[in-house]
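For this chain, numbers begin at 1 and follow the sequence in order.
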Amino acid sequence: MSPVSLFLLPGNLASDALHIQDRDSRVMLRTLVNMLVWNLVAVLAVLPFL
């Protein structure tokens, strides 16, 4: 699995779970989910250092 596909995995899983086929809708949902997931991961990774 390439790093890009790993990075996009949360959004792809959400799109597949909701059975979204339209390309534009998948892009919008994937962007939203990926931002939420990776921002949460970044915040949780930084919190111990504050």
Side-chain angles (χ1 to χ4, degrees):
M1 181 175 277
S2 71
V4 172
S5 62
L6 183 63
F7 182 74
L8 297 175
L9 183 64
N12 285 333
L13 291 175
S15 296
D16 292 340
L18 294 172
H19 304 289
I20 298 174
Q21 299 300 323
D22 182 42
R23 183 181 181 276
D24 292 333
S25 297
R26 281 184 72 90
V27 169
M28 291 296 290
L29 182 70
R30 187 172 60 213
T31 301
L32 172 67
V33 171
N34 284 333
M35 281 192 297
L36 292 171
V37 168
W38 295 117
N39 282 330
L40 178 65
V41 168
V43 168
L44 293 177
V46 170
L47 276 178
F49 299 105
L50 296 178

Cluster membership besides L32, Ile/Leu/Val/Met/Phe/Trp/Tyr side chains within less than 4.5 angstrom, sorted by chain and number, is L36

Notebook entry, point to check: Can any side-chain N or O of T31 pair as donor or acceptor with the backbone N or O of V27 at less than 3.5 Å?
Noted result: yes

D22 meets the side chain to side chain donor-acceptor pair (under 3.5 Å) criterion, sequence neighbours left out, with S25

* Does a side-chain heavy-atom distance below 4.5 Å link F7 with S2? -> no

One should read off an interatomic distance between M28 CE and I20 CD1, to the nearest 0.5 angstrom, of 11.0 Å

Between V33 and A14, the two heavy atoms sitting closest are CG2-CB, 3.9 Å

(message) Hydrophobic clustering (ILVMFWY, side-chain heavy atoms < 4.5 Å, transitive) - are L40 and V46 grouped together?
(response) yes

pair R26-D16: side-chain heavy atoms closer than 4.5 Å: yes

Check for me, please, whether V37 and L18 land in the same ILVMFWY cluster - side-chain distances under 4.5 Å, paths through other members count. yes

Output for pair (L8 CG, N34 CG), nearest 0.5 Å, gives 5.5 Å

query: Is M35 linked to L9 within one hydrophobic cluster, defined over Ile, Leu, Val, Met, Phe, Trp and Tyr using a side-chain heavy-atom separation of less than 4.5 Å?
result: no

Checklist entry - Transitively linked via ILVMFWY side-chain contacts under 4.5 Å: L50 with V43? => result yes

